[in-house]
Amino acid sequence: MMHINEEVGRCLLCQDAPCGAKVARALRALRFENLWTAEELFSQINDAEIEAAEKACIHYDRPIRIAELKKCLSAEQGEKNTDSSSAGVSGNDDLPSLELNFCDIVCENPFFLASSAICTNYEMVANAFEAGWGGVFYKTISKQDIREVSPRFDAVRKEGTPFIGFRNMEQLSENPYTVDFDILHRLKANYPNKIVIASIMGQTEEEWVELAKMAESAGCDAVELNFSCPQMRLTGLGSDIGQNPELVLAYTSFVSDAVKIPVIPKMTPNVKSLDRASMACYFGGAKGISAINTIKSITMTREAEVSEKKTISGYSGKAVKPIALRMIHEMTANPILHKAGIEKHMDISGVGGIETWRDALEFIQLGCRNVQVCTAVMQYGYRIIDDLKLGMQHYMKERGIVELKKLVGEELKNIVKPSDLDRETMVFPKIDREKCIGCGRCFISCSDGGHQAITFGEDRKPRIVGTKCVGCHLCRLVCPTKAIGMAHRMPKNK
């Protein structure tokens, strides 16, 4: 059977796709793991329409196998519906609300644009609001003369996949600061139900306070303090502040004392831990924290050089998500922070590698009440909000959850120290002979990077050697067809 993710990953998600609007929408839903909507749409598309869509498909190699995708999706969903109570959850009737409070602000949904190149003028943000985004952390406003480099972006790819990591040298808004605050004022006036948050960066106490007051006067719902940009050309700005808890405390306090709207520092991951910085935010009067900004990095691609030179700059995208989740967990689960009452007074906006509703769910389950997206929008556009919202709503409906707040922090109890993990049982891998195509990838990885617990004979079928297998599951991870699953957990042999 076709590997659905691999095939739909080849879809270019074309603008005004010639395959037809309904087919294109179904493919996009499938690409962003919104299987409920994909199944619903495919059920409305007949064979003739699919055949025409395959002929019209734009591709550099070969058309997307849409008919086979539909068949595989139906089979996969059929198996799930047989084994669980997920049958009949497709369709958009009576879907639960995504409303969630963040820093005492009622948000129609938790999906916000992150402060970046995706929200630099009125038209961009207005288009995002019309598409369904709940709010915006507008690109950071400053009083500096911002001069950007060219080129300013680079990407890390693997085996033909869309880029898994994204490196940028972008700084702050290039607009005059008065123009940006006028834009924010108009956005809030024209979209009163959307949440408009100004991101600011000052060089002195006076600048931080002045910019924050201008944000408040413009009608912004909150102000984000950029303590985290890793590529400022002048010292003492951005991540230079976020790496110094004393400066975090000072500037947070100055701004919190000066305005009545919520103050939300944005934290840098370029520290050993966020514990001290987040404590500084708390004692400085912050209502929330945004975490994380990009990770300091270097890429060596010649095409991304600036006049034949390279520099340290920010890394984002899917690849940074596990790091962001780790740092979120450090804040939401730290006993010292809990003792100080941080969970009662500061909400967290999760940032870093969010592309699908499942990604967003993971941040929410670790305690976030808001999530921000940037790199995925740069790749795929504002339109991904459809599947972020619908995917989350169908998931909630499937679980019988009517309020999104019920998911906030629900996985914290399952994150434990390595010393507390069960080391007396194991799970053997289980090979599905029908799905196995005999490529031998599992054998190679186990032989050269595992425990030599797989044999591979002339019939090109791998077999698990139970006496050698330790249940590490490297084989399952490298299998290109998902032919390797998991057996039941059992006690280890003594």
To check you understand the geometry: which heavy-atom pair defines the closest contact between S97 and M396, and what is its length? O-CE, 3.7 Å

Ignoring hydrogens and geometry, is there a side-chain-to-backbone donor-acceptor pair from Q372 to S349 under 3.5 Å? no

Side chain to side chain contact (heavy atoms under 4.5 Å, CB included) evaluation trace for H394 with L95: CA-CA 7 Å; H394 280 298; L95 290 177; 3.6 Å; yes

Determine the minimum heavy-atom distance between V470 and M426, stating which atoms define it. C-CE, 3.3 Å

K55 and E51: CA distance, side-chain angles, deciding distance, salt bridge (charged side-chain N to carboxylate O under 4.0 Å, His left out) verdict: CA-CA 6 Å; K55 289 181 179 179; E51 183 179 356; 3.7 Å; yes

Name all residues meeting the ring-ring contact (aromatic ring centres under 6.0 Å, His included) criterion together with F166; count only those two or more places apart in sequence or in a different chain, and write none if there are none. F153, F163

Please check if the side chain of T425 supplies one atom and the backbone of R489 the other of a donor-acceptor pair under 3.5 Å. no

Residues in ring-ring contact (aromatic ring centres under 6.0 Å, His included) contact with F137, at least two apart in sequence or another chain: F112

From the options L407, T356, V371, select the one residue that forms a side chain to side chain contact (heavy atoms under 4.5 Å, CB included) with L361. L407

Is the side chain of R383 donor-acceptor paired with the backbone N or O of A131 at a distance under 3.5 Å, no angle test? no

Whether N109 side chain and G134 backbone form a donor-acceptor pair below 3.5 Å: yes

Under 4.0 Å between a side-chain nitrogen and a carboxylate oxygen: does that hold for E362 and K321? yes

Which atoms form the tightest heavy-atom contact between E303 and P151, and what is the distance? O-CG, 3.4 Å

Is it true that, when you exclude N46 itself, more than 12 heavy atoms of the residues, nucleotides or ligands shown sit nearer than 6.0 Å to its CG? yes

So salt bridge (Lys or Arg N to Asp or Glu O under 4.0 Å) across residues 106-135, not counting sequence neighbours, yields E108-K194

Could you check R25 against D387 for salt bridge (charged side-chain N to carboxylate O under 4.0 Å, His left out), going step by step and ending with a plain yes or no? CA-CA 10 Å; R25 180 67 187 91; D387 294 305; 3.0 Å; yes

State the OH-OG1 distance between Y315 and T299, to the nearest 0.5 angstrom. 9.0 Å

Indicate yes or no: at least one non-hydrogen side-chain atom of F363 is less than 4.5 angstrom from one of L325. yes

Residue pair I118 / V377: nearest heavy atoms and the distance that separates them: CG2-CG1, 3.8 Å

Does K70 use its side chain to pair, donor to acceptor, with the backbone of I45 at less than 3.5 Å? yes

Side chains of I431 and R433 in contact at under 4.5 Å (non-hydrogen atoms): yes

Once you round to the nearest 0.5 Å, how far does CD1 of I295 lie from OG of S297? 8.0 Å

For D104, check salt bridge (Lys or Arg N to Asp or Glu O under 4.0 Å) against everything at least two apart and list the hits. K287

For K413, look at atom NZ and say whether over 12 heavy atoms of other residues, nucleotides or ligands are found less than 6.0 Å away. yes

Whether the side chain of D154 engages the backbone of R167 through a donor-acceptor N/O pair (distance < 3.5 Å, no angle test) should be reported. no

Would you find a donor on one side and an acceptor on the other, under 3.5 Å apart, between the side chain of R186 and the backbone of I183? no

Within this structure, what is the CG-CD1 distance for the pair L274 and I292, rounded to the nearest 0.5 Å? 8.0 Å

Any side chain to side chain donor-acceptor pair (under 3.5 Å) involving residues 8-20? Give me the pairs, sequence neighbours left out, ordered by first then second residue. E7-R10

Interatomic distance, K318 atom NZ to Q379 atom CD [nearest 0.5 angstrom]: 10.0 Å

May I ask you to test the L27-L69 pair for a side-chain heavy-atom distance under 4.5 Å? yes

Provide the closest heavy-atom pair for I454 versus C475 in the form atom of the first, atom of the second, distance. CD1-CB, 3.8 Å

Taking the side chain as everything from C-beta on, heavy atoms only, tell me whether E40 gets closer than 4.5 Å to T37. no

Would you sort out whether R399 and Y395 count as a side chain to side chain contact (heavy atoms under 4.5 Å, CB included), showing the intermediate values? CA-CA 6 Å; R399 285 189 53 187; Y395 171 80; 2.8 Å; yes

Rounded to the nearest 0.5 Å, how far does CG of N370 lie from OG of S290? 7.5 Å

F32: which residues meet the ring-ring contact (aromatic ring centres under 6.0 Å, His included) condition with it, sequence neighbours left out? Y380

Run E355 and R31 through side chain to side chain contact (heavy atoms under 4.5 Å, CB included) and show every step you take. CA-CA 10 Å; E355 188 171 294; R31 165 63 182 80; 2.7 Å; yes

Which heavy-atom pair separates I484 from P429 by the least distance, and what is that distance? CG2-CB, 3.8 Å

Could you tell me if D180 and Y138 have a donor-acceptor pair between their side chains, going purely by distance under 3.5 Å? yes

Go through the steps to decide whether K139 and E170 satisfy the test salt bridge (charged side-chain N to carboxylate O under 4.0 Å, His left out), and finish with yes or no. CA-CA 11 Å; K139 190 170 184 182; E170 190 103 0; 2.4 Å; yes

Is the backbone of S228 close enough, under 3.5 Å, to the side chain of K266 for a donor and an acceptor to pair up by distance? no

Working to the nearest 0.5 angstrom, can you tell me the gap between R28 CZ and D386 CG? 5.5 Å

Test item: H473 side-chain N/O and V427 main-chain N/O as donor-acceptor pair under 3.5 Å: yes

Side chain to side chain contact (heavy atoms under 4.5 Å, CB included) for L474 and C446? Distances and angles first, verdict last. CA-CA 7 Å; L474 175 62; C446 186; 5.8 Å; no

Determine whether a donor-acceptor pair (N or O, by modelled atom type, separation under 3.5 Å) exists between the side chain of N226 and the backbone of T140. no

